[in-house]
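The structure appears below as structure tokens.
Order of listing sets the numbers, starting from 1, for every ligand and every atom in it. If you're wondering where the values come from, they're calculated on a predicted model, not measured in any experiment. Values below: every heavy atom of this structure, side chains too, minus hydrogens, waters and symmetry copies.
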Amino acid sequence: MLNEIVSKFKELYEQEPIVVRAPGRVNLIGEHTDYNNGFVLPAAINKEIYFAIAPNRLHVCRVHAYNENQTDAFFLKQRISRSSRSWENYIKGVVAQFLKAGHEIEGFDLVFGGNVPIGAGLSSSAAVECGLAFALNHIFELGVEKFELVKMAQKAEHEYAGVKCGIMDQFASMFGEAGHVVKLDCRSLDYRHFSADLEDYRIVLCDTQVKHSLASSEYNTRRQECEAGVVILQKYYPQVKSLRDVTLQMLEQHKHEFEPVIHKRCLYVVSENNRVEEACHNLEQGDLQAFGEKMYLSHAGLQHDYEVSCPELDFLVDQTRNDDSVLGARMMGGGFGGCTINIVKLDELENFSRRIEAAYEQQFGRKPQLYVAQLVDGCSLVDKNQLFTYSEEAVAEQTALC
Ligand code: GLA
């Protein structure tokens, strides 16, 4: 696809682009903890968006979305308004952040596209935002630090896509490292890469193919519910700034002052945050069994207390419970659809996929999409010759499973 994106660029704009890649992400554990200033454990994966881009010495941004086969153009001198097409908002949102921060950017030509499935919970939007931020920083030689680019990408999502997301997705797309997961403390922004040595296990994603329209409105509601919990506890513990500072004892002691639904939400977040710390310890000790058990606990909390799962996700997780080839499974990302993440024994991959596809199809009348995730580096410039080899490897791995 990269070659096609570059060819399209040359055809449309008659100049030579540079190329940037930006990956989607998985999250092993730590769901809905990022905007509560807690811990997350994501990784960048081999589902990527590519950008062919070059300055055009005009004051206009000319953009072609390869997957959608749609084109847009907007002027830098005018106020950059939101658009009705969602992909345009990711582009405009990022450009607006550069302008807001006073960076000298000029017009550019862009063709972008890739293989991160949309609405599957693999953060295609963060990949678009981060890749563009990385690319603009490069072509206009702005020297903006990577963490700053991450924050700009997140703000683009808040202000133009309208989702008050945390920082995890953009961080993972920018700071991923091949073969590693990264534990991020979303309060201090300290991070540490952990070798994801899963031995003879692999990370398998099962995409329900359900894209729930509820996702963004419920997401913002969950955020408000967490904030409501913090307000109650702050009366007694002024040091509490977010659910990160809350303990299970505090929640228990003041339970009677909470509306039950707010209490459930907070209980989930505080427990999940503790689980990330324990799960990282399990990973360091090489105790994959214990790690997998935490994934199931995480799913139970998301299903019953945080209530962001859906029947399709629950079904896929339930299918793995008595499957000896699976160490752990849970829904991943914002919820209401998208993927489950599963840790599956390598030499059982084929049997696992056959079983789960058949069961899902029988229940819901359609097949889930399965992917084996490889952990890759965060956003980078692409050497066009190298990429060719790289994607061949990725294709081979996918073909082995599906
Ligand atoms: C979405 C958001 C992230 C995070 C997850 C849930 O992917 O973009 O910031 O909150 O949901 O963990």
Side-chain angles (χ1 to χ4, degrees), residues 22-45 47 86 89-90 93-94 116-130 150-176 181-187 189 191 205 207-208 211-212 214-227 242-244 265 268-273 275-276 279 294-295 298-299 301-303 305-310 313 330-341 373:
R25 64 103 188 88
V26 290
N27 184 25
L28 272 83
I29 197 157
E31 219 61 87
H32 289 273
T33 44
D34 59 353
Y35 54 84
N36 288 300
N37 281 341
F39 298 106
V40 290
L41 193 63
I45 58 163
K47 292 275 162 205
S86 58
N89 283 326
Y90 305 130
V94 170
V116 189
I118 293 174
L122 303 181
S123 296
S124 54
S125 59
V128 173
E129 292 150 356
C130 287
V150 165
K151 289 182 191 161
M152 289 163 89
Q154 183 195 18
K155 273 203 152 168
E157 181 92 24
H158 286 191
E159 293 173 11
Y160 280 72
V163 181
K164 293 272 177 213
C165 65
I167 201 166
M168 169 172 73
D169 303 348
Q170 290 80 4
F171 172 82
S173 184
M174 195 69 82
F175 282 86
V181 292
V182 49
K183 180 185 178 199
L184 172 69
D185 177 336
C186 299
R187 181 170 63 187
L189 299 184
Y191 62 93
L205 305 170
D207 183 357
T208 57
K211 301 174 201 332
H212 238 284
L214 268 179
S216 53
S217 60
E218 287 294 321
Y219 186 93
N220 292 344
T221 305
R222 291 298 174 282
R223 211 178 158 137
Q224 287 160 6
E225 288 166 341
C226 292
E227 283 159 12
S242 66
L243 288 182
R244 160 68 178 275
R265 305 296 192 242
Y268 162 74
V269 172
V270 174
S271 312
E272 179 77 349
N273 210 34
R275 266 193 294 270
V276 182
K294 307 255 166 6
M295 292 174 75
S298 169
H299 185 79
L302 289 158
Q303 179 181 0
D305 292 335
Y306 218 59
E307 296 180 290
V308 290
S309 188
C310 66
L313 287 166
R330 60 179 203 84
M331 59 147 277
M332 188 181 74
F336 302 104
C339 289
T340 61
I341 177 168

Problem set entry | For His32, all residues meeting ring-ring contact (aromatic ring centres under 6.0 Å, His included), sequence neighbours excluded | Tyr35, Tyr219, Tyr306
For this session: Kindly write out the residues that satisfy ring-ring contact (aromatic ring centres under 6.0 Å, His included) with Phe39, not counting sequence neighbours, or none if the list is empty.
Result: none
For this session: Just grab all the salt bridge (charged side-chain N to carboxylate O under 4.0 Å, His left out) pairs involving residues 30-41, residues at least two apart or on different chains.
Result: Glu31-Arg330
Problem set entry | Proximity of Tyr90 and Tyr160 rings by center, below 6.0 Å | no
For this session: Can you spot which of Ser124, Ser123, Ser125 makes a side chain to side chain donor-acceptor pair (under 3.5 Å) with Asp169?
Result: Ser123
Problem set entry | Protein residues that have a heavy atom under 4.0 Å from any atom of ligand 1, sorted by chain and number | Arg25, Glu31, His32, Asp34, Tyr35, Cys165, Gly166, Met168, Asp169, Tyr219, Gly333, Gly334
Problem set entry | Presence of salt bridge, Glu307 and Arg222, under 4.0 angstrom | no
